[in-house]
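These notes are about the structure you will find just below.
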Amino acid sequence: MKAKTVRIGLIGSQFITSIHAEALKGVKDAEVLAVMSPTKGHARAFAERHAIPHHFTDLDALLAMDEIDMIIIGAPNFLHCEIAVRAAAAGKHVVVEKPLCLNLAEADRMIAACAQAKVKLMYAEELCFTPKYVRLKQLLDRGALGRPVLLKQSEKHDGPHAAHFWDVERSGGGVTMDMGCHAIQFFRWLNGNDPVRSVYAQMSTSVHADKTRGDDNAIIILEFANGVTGLAEESWTKLGGMDDTAEIHGTEGVAYADVLHGNSIRTYSARGVDYAVEKAGSTVGWSFVMYEETWNYGFPQELQHFVTCVKNDEQPLLTGEDGKAVLEIIFAAYESAGSGRKVLLPSRARADRPFELWKGK
Ligand SMILES: NC(=O)c1ccc[n+]([C@@H]2O[C@H](COP(=O)([O-])OP(=O)(O)OC[C@H]3O[C@@H](n4cnc5c(N)ncnc54)[C@H](O)[C@@H]3O)[C@@H](O)[C@H]2O)c1
């Protein structure tokens, strides 16, 4: 690359894009040039808040800026493919938030478009950069735990903040799609990308049937070819703020990591605090107050990695192929929940959205 910095366009202006903008403030060689959101006034307000020089309501207008090297997609799941393909055609490197897209055909289109345009397709999975989980993986890699036997990961909160997550047409599925994707990529990363042999999943819509046809609780079991088991527990019905935990059980040891509680300030307040942690509905009484939440989750580290890959033309840790592999496992999880049986990979079941393999169209 000729330029000294990687010049970035942000797509979206709400929850995750705010995290991206904050995280990028600490990323070396990155410069945010523009933000785009179709909702009138949002991109402008976002640009003012973060001192970003350009703002657009139209994607093509942002993509027409020659100076932009890379875009980061923080739009709802059903738009990831279309935005990525258009950005690739405009010659931009693409970072896409999880899950990669809605189905495997879309994943193939994104991968092909980026390959044809010779731009990088980078899959944003921050758990592979979360400092506590990076240290956890080191314990395994350096032999402290012996050979891995069981990997566990769990994310739980009381449900998403925006309507598109609840609408399976736009999201593709419920909590398995939204948070199961984190656990699946986390297991693949810990386990050296060993192939997954089978998937079993139990899903239910236990509390939020008034809001969604998607799953709000899920237990997903992965069996890897090397014999390791991955067990993910995901919930959209857990009150009291976000939980994010992982365990590695090995032949010579065990390690437990809690990203949000272990690091937090245990607080009791009769009035409640201004902000405790993501998705903490009420903070009256006991709460777990986080500090440096974005750093503790690994977002600046993740974006630093992607910026460095673009600047130095290096291979990213997470690519479109990883996003596709995660999606394939998500499809198998919904298929298993639908059939009540363990699903062997590769599965031949196809659908436009993973959710359909559980409950039909
Ligand atoms: N890595 C994580 O932990 C994490 C956390 C939250 C969300 N996400 C992912 O980020 C994505 C966005 O989620 P969010 O929580 O920010 O949602 P959000 O509803 O807070 O924001 C979505 C944004 O997309 C914009 N948008 C809508 N239509 C668009 C279009 N046609 N073109 C461009 N932008 C458009 C909206 O204007 C809004 O700014 C989802 O795919 C979600 O899964 C990842």
Side-chain angles (χ1 to χ4, degrees), residues 9-23 34-47 49-50 52 55-63 71-87 94-102 106 110 122-130 133 153 155-157 159-168 170-186 214 234 236 242-244 259-260 277-279 293-294 296-303 306 318 322-323 326-327 330 353-354:
L10 300 174
I11 312 299
S13 66
Q14 296 300 304
F15 182 80
I16 197 65
T17 304
S18 301
I19 291 177
H20 292 154
E22 282 305 323
V35 56
M36 178 266 153
S37 165
T39 320
K40 215 163 174 256
H42 280 192
R44 175 192 292 275
F46 190 92
R49 206 159 51 246
H50 295 282
I52 298 171
H55 54 84
F56 301 98
T57 50
D58 176 37
L59 179 66
D60 289 327
L62 181 143
L63 295 177
I71 63 146
I72 306 181
I73 303 177
N77 302 348
F78 74 105
L79 297 166
H80 290 187
C81 176
E82 185 199 329
I83 295 172
V85 168
R86 280 163 66 184
V94 177
V95 172
V96 58
E97 263 305 332
K98 61 79 197 166
L100 187 69
C101 51
L102 290 186
E106 282 192 352
M110 292 166 77
M122 295 167 276
Y123 180 55
E125 176 45 75
E126 78 275 8
L127 293 195
C128 302
F129 299 90
T130 301
Y133 287 162
Q153 208 273 336
E155 285 196 3
K156 298 175 183 170
H157 58 56
H161 57 280
H164 57 89
F165 289 97
W166 300 100
D167 172 8
V168 291
R170 288 184 283 170
S171 60
V175 72
T176 301
M177 187 74 166
D178 183 39
M179 309 214 295
C181 60
H182 285 302
I184 293 166
Q185 177 51 39
F186 178 74
E234 311 298 331
W236 271 355
M242 178 96 169
D243 281 4
D244 199 312
V259 175
L260 295 168
V277 68
E278 180 181 342
K279 314 271 185 317
E293 193 174 353
T294 303
N296 273 300
Y297 246 126
F299 285 104
Q301 298 88 330
E302 173 190 68
L303 294 179
F306 291 144
L318 300 157
D322 293 298
V326 169
L327 203 53
I330 291 175
R353 289 159 180 75

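Counting convention: from 1, in listed order, for ligands and their atoms alike. This one's a predicted model, so the numbers in the text were calculated from it and none came from an experiment. Computed over heavy atoms, backbone and side chain alike; hydrogens, waters and symmetry mates excluded.
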Ligand 1 N/O to protein N/O, distances under 3.5 Å:
{"unit_1": "ligand 1", "atom_1": "1 (N)", "unit_2": "E97", "atom_2": "OE1", "d": "2.9"}
{"unit_1": "ligand 1", "atom_1": "1 (N)", "unit_2": "E126", "atom_2": "OE1", "d": "2.9"}
{"unit_1": "ligand 1", "atom_1": "3 (O)", "unit_2": "E126", "atom_2": "OE2", "d": "2.9"}
{"unit_1": "ligand 1", "atom_1": "15 (O)", "unit_2": "H161", "atom_2": "NE2", "d": "3.0"}
{"unit_1": "ligand 1", "atom_1": "16 (O)", "unit_2": "I16", "atom_2": "N", "d": "2.9"}
{"unit_1": "ligand 1", "atom_1": "17 (O)", "unit_2": "H164", "atom_2": "NE2", "d": "3.2"}
{"unit_1": "ligand 1", "atom_1": "19 (O)", "unit_2": "H164", "atom_2": "NE2", "d": "2.7"}
{"unit_1": "ligand 1", "atom_1": "20 (O)", "unit_2": "F15", "atom_2": "N", "d": "3.0"}
{"unit_1": "ligand 1", "atom_1": "20 (O)", "unit_2": "H161", "atom_2": "NE2", "d": "3.1"}
{"unit_1": "ligand 1", "atom_1": "37 (O)", "unit_2": "S37", "atom_2": "OG", "d": "3.0"}
{"unit_1": "ligand 1", "atom_1": "37 (O)", "unit_2": "T39", "atom_2": "OG1", "d": "3.4"}
{"unit_1": "ligand 1", "atom_1": "39 (O)", "unit_2": "S13", "atom_2": "N", "d": "2.8"}
{"unit_1": "ligand 1", "atom_1": "39 (O)", "unit_2": "S13", "atom_2": "OG", "d": "3.4"}
{"unit_1": "ligand 1", "atom_1": "39 (O)", "unit_2": "Q14", "atom_2": "N", "d": "3.4"}
{"unit_1": "ligand 1", "atom_1": "41 (O)", "unit_2": "A75", "atom_2": "O", "d": "3.3"}
{"unit_1": "ligand 1", "atom_1": "41 (O)", "unit_2": "N77", "atom_2": "OD1", "d": "2.7"}
{"unit_1": "ligand 1", "atom_1": "41 (O)", "unit_2": "H80", "atom_2": "NE2", "d": "2.9"}
{"unit_1": "ligand 1", "atom_1": "41 (O)", "unit_2": "K98", "atom_2": "O", "d": "3.4"}
{"unit_1": "ligand 1", "atom_1": "43 (O)", "unit_2": "N77", "atom_2": "OD1", "d": "3.4"}
{"unit_1": "ligand 1", "atom_1": "43 (O)", "unit_2": "K98", "atom_2": "O", "d": "2.9"}
{"unit_1": "ligand 1", "atom_1": "43 (O)", "unit_2": "K98", "atom_2": "NZ", "d": "3.1"}

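Atom CZ of R353 and atom CZ of R170 lie 11.0 Å apart (nearest 0.5 Å). Note that the CD atom of E302 and the CD1 atom of I72 stand 8.5 Å from one another [nearest 0.5 Å].
Among residues two or more places apart in sequence or in another chain, the side chain to side chain donor-acceptor pair (under 3.5 Å) test is passed with E278 by none.
Between the side chain of E155 and the backbone N or O of G180, no donor-acceptor pair lies under 3.5 Å. With E234 contributing its side chain and V175 its backbone, the two residues share no donor-acceptor pair below 3.5 Å.
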Report task. Give the C-alpha distance, both sets of side-chain angles, the deciding distance and a yes or no for ring pair (Phe, Tyr, Trp, His ring centres under 6.0 Å) between H50 and F46. Result -> CA-CA 6 Å; H50 295 282; F46 190 92; 4.5 Å; yes
